[in-house]
A.B. asks: 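This is the structure, below, for whatever I ask next.
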Number of protein chains: 2
Amino acid sequence: MTFAKIERRSLPGEVYDRVLGELVAGSLTPGQALPSERALAEALGVSRPAVREAIGRMAHAGLVKVRQGGATTVSDFRRTGGLDILPHLLLPGGDLDLAVARSILEARLAIGPVVAGLAAERHGHAAALPAAVTAIETDTDPVGRQRQALAFWELVVDAADSVAFRLMFNSLRAAYEPALVALSAVMADEVDRIDAYRALAAAITGGDADAAPRLAHDLLSHATQALLHALDLLEGARR
Amino acid sequence: MTFAKIERRSLPGEVYDRVLGELVAGSLTPGQALPSERALAEALGVSRPAVREAIGRMAHAGLVKVRQGGATTVSDFRRTGGLDILPHLLLPGGDLDLAVARSILEARLAIGPVVAGLAAERHGHAAALPAAVTAIETDTDPVGRQRQALAFWELVVDAADSVAFRLMFNSLRAAYEPALVALSAVMADEVDRIDAYRALAAAITGGDADAAPRLAHDLLSHATQALLHALDLLEGARR
DNA sequence: GGTGGTCAAGTGGTCTGACCAGTCATGTCG
DNA sequence: CGACATGACTGGTCAGACCACTTGACCACC
């Protein structure tokens with residue numbers, strides 16, 4: 001028997017999610033004034049510090065603009081938000097946002113090969129790659145394989161030795177992981193191609209900066225196609 | 001006469017920057033325990049709520065791990081941080097981090113062409129591009145030209161109609177903007193190539209998804225080369 | 001008619017002090 | 001020696017207060 005983790009969410013976190021939910025849902029439009037902290041605190045049944053902390057995070061993330069004395073106004077998160085709000089946009093209120101999912105897939109397909117190329121150029125810390133491939137191969141669970149594949153890519157990003165791409169990967173993973181279980185069926189196609197992983201690992205460790213991007217693109221494009229197709233179907237079904 | 005805006009920094013923001021500074025400077029290593037909120041508050045001469053809010057933001061950004069009852073521990077920001085901490089890594093304490101700068105340039109060079117390609121594919125909302133090129137051309141101030149060029153790229157990203165790339169752009173811009181003035185000399189080379197911008201704009205509005213990435217790469221690679229060279233020189237000088 | 005001054009109300013900014021809840025090291029007892 | 005109570009310490013939350021600031025209305029003045 002497995003026990004689901006008891007979730008202990010913090011109060012400010014809850015408030016943050018709640019307000020952000022209103023924001024991405026569109027009931028709070030850019031430029032509009034947020035209710036005052038005191039009013040929000042009363043409406044949500046929490047104390048002002050909790051609301052303050054949540055709003056402070058939102059301001060830090062560029063989602064709202066607070067001005068002392070004046071009202072806190074909503075910013076256009078598409079113009080001012082950072083990559084870290086991606087998870088909230090992907091699953092606003094539990095439903096998958098198809099446009100966001102599509103854009104994440106595009107980003108994955110575009111960036112993966114670049115990172116693989118950089119990793120091949122610098123092939124310094126890529127010694128662990130073959131073991132990571134074996135780990136994918138050994139894992140029989142579809143979800144487990146996805147996690148192993150994620151770990152594989154993490155090593156690739158590490159080998160690329162680029163802070164910017166590393167942080168980008170972290171943000172994208174944060175958006176991807178919650179949907180990981182739901183995607184396991186569609187992704188099985190990709191994570192089963194052990195040979196493709198092995199070839200990519202070999203190109204990187206071998207320092208083949210020409211082949212690595214090509215192999216990475218080849219590896220990623222299959223599932224990307226499948227997923228985009230699935231998204232199209234979903235979109236049709238929702239209409 | 002122009003007046004510089006009076007900047008009013010918030011106390012929690014100050015605390016955040018201070019602690020993050022310690023973190024990226026390496027005096028707080030991953031796994032290490034942060035001083036308690038009360039101790040930090042006393043050490044920094046502020047109240048506990050201010051410290052709490054700062055730590056709350058850091059936890060939200062994945063920089064530290066707080067556990068009720070236990071100590072707050074430092075995470076490895078390279079493994080858990082999001083793209084939004086990039087500005088802090090680029091200018092830790094005012095000095096430019098060369099490796100970070102290099103990685104941002106690589107990311108720019110890799111992503112720009114992809115976004116341009118997507119924009120050409122979808123050429124839906126690219127009507128404003130020619131005007132943006134004219135805006136670059138009209139501006140005589142080197143720094144102003146850079147800002148106009150940034151606005152140009154913003155339109156390109158918009159035309160690409162990809163949320164993920166949009167947010168990525170926002171994060172990268174946040175890292176880039178503080179250094180904009182310092183870079184104006186090296187970037188002048190790029191922003192003076194009005195014809196290259198015009199050609200790229202034409203390819204995008206014309207829906208030429210083959211030429212757009214090529215033109216974008218061509219446009220970006222020049223300054224990238226120059227900047228990487230400048231970074232090498234800087235690195236040599238620092239040694 | 002425009003300018004600037006004054007004032008009150010409302011907002012965010014910060015602090016204090018308090019209590020709750022969870023963790024951990026300590027020391028005691030079996 | 002080991003299991004276990006216990007107390008010190010940590011973060012989580014709250015209420016209430018005061019300060020700093022913005023806004024808008026009103027008013028006196030030029």
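Here is the naming used below: chain letters follow the sequence lines, and residue numbers restart at 1 for every chain.
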A.B. asks: So, is B:Ser36 near the phosphate of D:dT10, with a side-chain N or O under 4.0 Å from OP1 or OP2?
C.D. replies: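 Result: yes.
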
A.B. asks: Separation of B:Arg52 atom CZ from C:dT14 atom P, in whole Å?
C.D. replies: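 Value for this atom pair: 15 Å.
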
A.B. asks: Answer with base, sugar-phosphate or nothing: what part of the nucleic acid does A:Arg67 contact at a heavy-atom distance below 4.0 Å?
C.D. replies: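 The residue A:Arg67 makes sugar-phosphate contact but no base contact.
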
A.B. asks: Under a 4.0 Å N-O cut-off, is there an ion pair linking B:Asp158 with A:Arg79?
C.D. replies: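 Looking at B:Asp158 and A:Arg79, the cut-off is met.
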
A.B. asks: Using atom CE of B:Met58 as one end and atom C1' of D:dG11 as the other, report the distance to the nearest whole Å.
C.D. replies: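 B:Met58 atom CE is separated from D:dG11 atom C1' by 16 Å.
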
A.B. asks: Classify the side chain of A:Arg38 and the base of C:dG12 as holding, or not holding, a donor-acceptor pair under 3.5 Å.
C.D. replies: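 Answer yes: a donor N or O sits under 3.5 Å from an acceptor.
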
A.B. asks: In terms of side-chain heavy atoms of A:Ser47, which of C:dG13, D:dG12, D:dA15 is nearest?
C.D. replies: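 My answer, after comparing the listed nucleotides, is D:dA15.
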
A.B. asks: Would you say the side chain of B:Gln68 and the base of C:dG22 hold a donor-acceptor pair, judged only by whether the two atoms sit under 3.5 Å apart?
C.D. replies: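 Such a pair does not exist between side chain and base.
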
A.B. asks: Write down the distance between CG (A:Leu40) and C1' (C:dG12), rounded to a whole number of angstrom.
C.D. replies: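 Going from CG in A:Leu40 over to C1' in C:dG12 covers 13 Å.
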
A.B. asks: In whole angstrom, give the distance that lies between atom CD of A:Glu53 and atom P of C:dG13.
C.D. replies: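 Atom CD in A:Glu53 sits about 13 Å away from atom P in C:dG13.
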
A.B. asks: Check the phosphate of D:dC14 against A:Arg48, side-chain N and O only, distance under 4.0 Å to OP1 or OP2. Yes or no?
C.D. replies: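 Indeed not, no polar side-chain atom of A:Arg48 lies that close.
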
A.B. asks: Nearest whole Å is fine: how far is D:dG11 P from A:Leu11 CG?
C.D. replies: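 Distance check: A:Leu11 CG to D:dG11 P gives 18 Å.
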
A.B. asks: Between B:Arg18 and B:Glu14, does at least one N-O distance fall below 4.0 Å, as a salt bridge requires?
C.D. replies: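 Salt bridge: no.
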
A.B. asks: Charged N to carboxylate O under 4.0 angstrom, A:Glu53 versus B:Arg57?
C.D. replies: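 Salt bridge absent between A:Glu53 and B:Arg57.
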
A.B. asks: Counting side-chain heavy atoms from CB outward, which of C:dT16, C:dT14, D:dC14 is closest to B:Ser10?
C.D. replies: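 Looking only at heavy atoms from C-beta outward on B:Ser10, the closest nucleotide is C:dT14.
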
A.B. asks: Any side-chain heavy atom of B:Leu231 within less than 4.5 Å of one from B:Leu105?
C.D. replies: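 In contact.
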
A.B. asks: May I have the distance from A:Lys65 (atom NZ) to C:dG12 (atom C1'), rounded to whole angstrom?
C.D. replies: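 So the NZ-C1' distance, A:Lys65 to C:dG12, works out to 15 Å.
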
A.B. asks: Taking only side-chain N and O atoms of A:Thr72, does any of them lie within less than 4.0 angstrom of OP1 or OP2 on C:dT11?
C.D. replies: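 For C:dT11, neither OP1 nor OP2 has a side-chain N or O of A:Thr72 closer than 4.0 Å.
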
